[in-house]
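Note that the coordinates shown come from a computational prediction; the quantities given were computed from them, not determined experimentally. FYI, the numbering just counts along the sequence from 1.
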Amino acid sequence: GDVIQFIQEHENMSFAEAAEWCARKAGIEIEHRELTDEEVRKARDLEAMRIALKGAVDFFQKHLPEAQEYLFKRGFRLTDKVIKDFALGYAPEGNLAAEEMLKAGYSEAILTKVDVLKKSENGRVYDNFRDRIIFPFFDLHGDVTGFSGRFVIPKEKAGKYHNTGDTPVFKKGNQIFGLLQARGAIGRMNNAYLVEGQFDVLSMHAAGVENTIAGSGTALTAEQVRLISKFTQNITLVYDPDEAGLKASLRNCELLLKAGLTVQCVLLPEGKDPDNIATTERENTAKWLMNRRTDFASYFADIFAKDFDDPESKEQALNTICN
């Protein structure tokens, strides 16, 4: 095919995305119709938000060395390439983002609009993310849309993960973590490994399994399924073998099947998650996963098998799988 078709297939882009990508590379300006004043205002506002979010990424990346001890203690052996590709960062304690970014000239209103900063009822501005490892979300154009932060030191009444709230550029139910970085590998492999957490994604990529993605939470939405289906019709679920992981895999498997996708699963050893497997198996991770992939019905049958001595439990389990 031609160069546009090549870019479409190699980068998993639409025709319009591939044409614009090629035009930018060739220094060709694509003519668009003249925008209305309102459209110009919205475009400028959007660009301001993108600039603010990029500035936040730079801020978080600058502070990442402060969290290296935590990453080392947790056993995360992330390569420099993975850290760079995913723009991993750290939000320090205090309100340093507000202090440093406002001093650098970023707009308080825009930083608040994209949920990097918060404003209290008395008008005090403070950091939304503090003492958290930061995982940026990217859209398919490579622009940052929002963040997820995992706490370093657990705090009372604070969840393990804290996400950007709904903003003009970020809707949690529309985000797939790692899709930008994984889409080329997904296209080549015609399969996507779907895991639960951001660290699972990073560890799998570091082990060479680059067709790995995660939702922005355990429950997928129809929009997230639609996004994934643009790149492959084959999904392999690799979820933790605990009760929460089982519920998530059942729920997401049903949603994926209803959308017409082919679903396989990998049953992990008790107490292990994808990050553990990638850290232990390293370059053998892809082979390890491939050897344990099975259809969803067999996967759930194996999980429920321990209850098959009880006829009632067996019937209930089979009904769950068949429904």
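Partner of Phe60 under the side-chain contact (heavy atoms from CB on, under 4.5 Å) criterion, out of Leu88, Ile133, Ile134: Ile134 alone. Results of the side-chain contact (heavy atoms from CB on, under 4.5 Å) test with Leu194 over Thr236, Thr212, Val201, Leu220 single out Leu220 as the only residue that passes.
Counting only distance, with no hydrogens or angles, the side chain of Asn128 and the backbone of Leu117 share no donor-acceptor pair below 3.5 Å. Distance alone, capped at 3.5 Å, places no donor-acceptor pair between the Thr280 side chain and the Ile277 backbone. Side-chain N or O atoms of Asp131 include none that pairs as donor or acceptor with a backbone N or O of Phe151 at under 3.5 Å. Under a 3.5 Å cut-off, the side chain of Ser249 and the backbone N or O of Tyr239 do not form any donor-acceptor pair. A donor-acceptor pair is defined here as one N or O able to donate and one able to accept, closer than 3.5 Å; no such pair exists between the side chain of Gln224 and the backbone of Gly215. Using modelled atom types, one side-chain atom of Asn211 and one backbone atom of Asn191 make a donor-acceptor pair closer than 3.5 Å. Of the possible donor and acceptor atoms, one in the side chain of Asn95 sits under 3.5 Å from a partner among the backbone N and O of Asp127. Looking at Asp295, its side chain does come within 3.5 Å of a backbone N or O of Ser298 through a donor-acceptor pair.
Closest non-hydrogen pair, Phe199 versus Arg150, comes out as CE1-CD, 3.5 Å. Closest approach of Asn234 and Asn190 over heavy atoms only: ND2-O, 3.0 Å. Minimum heavy-atom separation, Met49 to Ile110: CA-CG2, 3.8 Å. Nearest heavy atoms, Ser148 versus Tyr161: OG-CD2, 3.6 Å. Of all the heavy atoms in Phe170 and Thr164, the pair that sits closest is CE2-O, 3.1 Å. Of all non-hydrogen atoms in Cys253 and Leu237, the two that sit nearest each other are CB-CD1, 4.1 Å.
Note that CG of Asp166 and CG of Asp115 are 9.5 Å apart. Values are rounded to the nearest 0.5 Å. Met204 contributes atom CE, which lies 6.5 Å from atom OH of Tyr193 (distance to the nearest 0.5 angstrom). Considering CD1 of Ile186 and CD1 of Ile213, their distance stands at 4.5 Å, rounded to 0.5 Å. Leu53 contributes atom CG, which lies 10.0 Å from atom CZ of Phe138 (distance to the nearest 0.5 angstrom). In this structure, CG on Asp143 lies 7.5 Å from CD on Glu47, to the nearest 0.5 angstrom. Taken to the nearest 0.5 Å, the CZ atom of Arg50 stands 10.5 Å off from the OG1 atom of Thr145.
Salt bridge annotation for Glu108-Lys119: present, with a cationic side-chain nitrogen under 4.0 angstrom from a carboxylate oxygen. Of the charged side-chain nitrogens involved, none lies within less than 4.0 Å of a carboxylate oxygen, so that Arg183 and Glu17 do not count as a salt-bridged pair. In summary, Glu223 and Arg226 engage in a salt bridge, as defined by a charged side-chain N under 4.0 Å from a carboxylate O. Under a 4.0 Å N-O distance rule, the pair Lys247/Glu243 qualifies as a salt bridge. Under a 4.0 Å N-O distance rule, the pair Arg41/Asp37 does not qualify as a salt bridge.
Enclosure of atom NZ in Lys155 by more than 12 non-hydrogen atoms of other residues, nucleotides or ligands within 6.0 angstrom is indicated. No more than 12 heavy atoms of other residues, nucleotides or ligands lie within 6.0 Å of CZ in Phe15, so this atom counts as exposed by the packing criterion.
Side-chain contact between Leu202 and Phe177: present, with at least one pair of heavy atoms (C-beta onward) separated by less than 4.5 Å. Leu246 has its side chain out of reach of Pro241: every pair of non-hydrogen atoms, C-beta onward, lies at least 4.5 Å apart.
Ring pair His10/Phe6 is parallel by interplanar angle, where below 30° counts as parallel and above 60° as perpendicular. Using cut-offs of 30° and 60° on the angle between ring planes, the pair Phe129 and Phe147 is perpendicular.
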Before giving the answer on side-chain contact (heavy atoms from CB on, under 4.5 Å), spell out for Asp273 and Val195 the whole-Å C-alpha distance, their side-chain angles and the decisive distance to 0.1 Å. CA-CA 9 Å; Asp273 59 24; Val195 298; over 6 Å; no
Is there a side-chain contact (heavy atoms from CB on, under 4.5 Å) between Lys62 and Asp58 once you walk through the steps? CA-CA 6 Å; Lys62 182 180 74 173; Asp58 293 341; over 6 Å; no
Could you please spell out the steps behind the salt bridge (Lys or Arg N to Asp or Glu O under 4.0 Å) verdict for Lys258 and Glu254? CA-CA 6 Å; Lys258 283 183 177 178; Glu254 180 181 6; 3.3 Å; yes
Test side-chain contact (heavy atoms from CB on, under 4.5 Å) on His63 and Glu100 and set out the steps. CA-CA 12 Å; His63 288 276; Glu100 293 186 19; 3.6 Å; yes
Worked verdict on Leu140 versus Leu227 for side-chain contact (heavy atoms from CB on, under 4.5 Å): CA-CA 10 Å; Leu140 294 178; Leu227 258 179; 4.2 Å; yes
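In this structure Gln68 satisfies the side-chain hydrogen bond (donor to acceptor under 3.5 Å, both in side chains) test with no other residue, sequence neighbours excluded.
Sorted by first then second residue, the side-chain hydrogen bond (donor to acceptor under 3.5 Å, both in side chains) pairs that include residues 261-272, not counting sequence neighbours, are Gln264-Arg293.
Cluster membership for Tyr126 and Val116, using ILVMFWY side-chain heavy atoms within less than 4.5 angstrom, is not shared.
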